[in-house]
Q: 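Take this structure first; my questions come after.
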Number of protein chains: 2
Amino acid sequence: MNLKERAEILLKEKGLRCTEVRLLILEEFLKRNKPLSIQDFKKKKAFKNWDESSTYRNFTKLESSGLIRAIPSNSEFQHYESTLETHHHHHHHITCRKCKAIQCLNDCSVEEQLAKMANKVGFSVEGHTLELYGLCADCRKK
Amino acid sequence: MNLKERAEILLKEKGLRCTEVRLLILEEFLKRNKPLSIQDFKKKKAFKNWDESSTYRNFTKLESSGLIRAIPSNSEFQHYESTLETHHHHHHHITCRKCKAIQCLNDCSVEEQLAKMANKVGFSVEGHTLELYGLCADCRKK
DNA sequence: GTTTATGCAAACTGTTTGCACGATC
DNA sequence: GATCGTGCAAACAGTTTGCATAAAC
């Protein structure tokens, strides 16, 4: 089953109509498997064919139907991610300061610590954004 | 020494002119001792007397002179905090998902964990950005 | 008197909305 | 054929900029 077919099924399950823009957006989320902003889509040439307002309305629609969710982000722009099973795995990235390589960290083992830190000031934690930077093995050798 | 006097000294140290808006902004940061956005200032009636462009330009100026710093934030709006002694140690912030209040966390106790996570994939860590979100005590009650 | 900040108006970006037309079911 | 999505234009909010005037030093 290809991406387009998967996207069609997802839309139908939610009782949403299968329009071309909507399919493209959903396919992109399935394919990229990472948080994306509306800006990321606007940059893509495929999206030059549609009016921006359509894209905005579709993001709203996909979010309210539960296919994507808005996630807090340090970015200037609102980011969204797919809500599918395979996308649930929580992880972070580390970027090499020198060569700019990005590596996925397999696990996130700081949640307990964060909960403690937040509880001290009366907050409960629902989530976090975390990005690391440093040096990769290769660049450290040089 | 009151807030206004402290603010005047800070500005002079940086070679900045002491104008009324600038003093008010800096005093507010000294007084509140937490991240503030330009929106927070616009709301205040004292700031209704000045043109918004002045406020924006002053934030830029105060930042480039190092008296305040822009901090990553999950909020829609850019937040800044004072760079004074009390703010120098490494710390993070948590944003309330409902009321958007931002609170400083006193310490950062995840560095060891992060180093371990990164070492597993061959990286050494030089730094990180971390922002939390959740619910503040007040919003949790409701 | 020189330098820098301000007010005002205009421009600019990202986003939202109203409405007529077109596509989907 | 009824419903819903789209393009287009206009409106909107937050921010930035140009320029003449005013304030700080």
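Numbers restart at 1 for each chain; the letters A, B, ... are given by sequence-line order, proteins then strands.
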Q: Should the pair B/Phe47 and B/Phe41 be assigned to parallel (<30°), tilted (30 to 60°) or perpendicular (>60°) ring geometry?
A: perpendicular
Q: Pick the closest DNA chain D nucleotide for A/Asp51 and for B/Thr60 by heavy atoms, then say which residue is nearer the 5' end.
A: A/Asp51
Q: Does a side-chain N or O from A/Gln39 land closer than 4.0 Å to OP1 or OP2 of C/dT13, or not?
A: no
Q: Tell me which nucleotide among C/dC25, C/dG14, C/dC8 gets nearest to the side chain of B/Ser53.
A: C/dC8
Q: Would you mind reading off the distance between B/Leu16 atom CG and C/dT3 atom C1', rounded to a whole angstrom?
A: 13 Å
Q: Can you tell me how far C1' of D/dT16 sits from CD of B/Gln78, to the nearest Å?
A: 15 Å
Q: Expressed as a whole number of angstroms, how long is the span from B/Arg22:CZ to D/dC25:C1'?
A: 13 Å
Q: Taking only the side-chain nitrogens and oxygens of B/Trp50, find out if one of them lies under 4.0 Å from OP1 or OP2 of C/dG7.
A: yes
Q: Any side-chain N or O of B/Thr19 less than 4.0 Å from the OP1 or OP2 oxygen of C/dT6?
A: yes
Q: Over how many whole Å does the gap from A/Leu24 atom CG to D/dT6 atom P extend?
A: 11 Å
Q: Strictly below 4.0 Å, N to O, side chains only: are A/Glu63 and A/Arg69 in salt-bridge contact?
A: no
Q: Nearest whole Å is fine: how far is C/dT13 P from A/Lys42 NZ?
A: 11 Å
Q: So, for B/Ala46 and B/Leu24, which heavy atoms are closest and what is the spacing to 0.1 Å?
A: CB-CD1, 4.3 Å
Q: Rounded to whole angstrom units, what separation is found between the NZ atom of A/Lys48 and the P atom of D/dG7?
A: 15 Å
Q: Have a look at A/Arg57 and say if it touches a base, only the backbone sugar-phosphate, or nothing, with a 4.0 Å heavy-atom cut-off.
A: base
Q: Regarding A/Glu28 and A/Lys44, does a basic nitrogen lie under 4.0 Å from an acidic carboxylate oxygen?
A: yes
Q: Rounded to whole Å, how long is the line connecting atom CD of A/Glu63 with atom C1' of C/dT15?
A: 14 Å
Q: Can you tell me the distance, in whole Å, between the NZ atom of A/Lys14 and the P atom of D/dC4?
A: 17 Å
Q: Between B/Ser54 and B/Arg17, which has a closest nucleotide on DNA chain C that is more 5'?
A: B/Arg17
Q: Quick one: do B/Lys34 and B/Glu81 make a salt bridge, cutoff under 4.0 Å?
A: no
Q: For B/Glu52, which contact category applies under a 4.0 Å heavy-atom criterion: base, sugar-phosphate, or nothing?
A: base
Q: Does C/dG7 have OP1 or OP2 under 4.0 Å away from a side-chain N or O of B/Asn49?
A: no
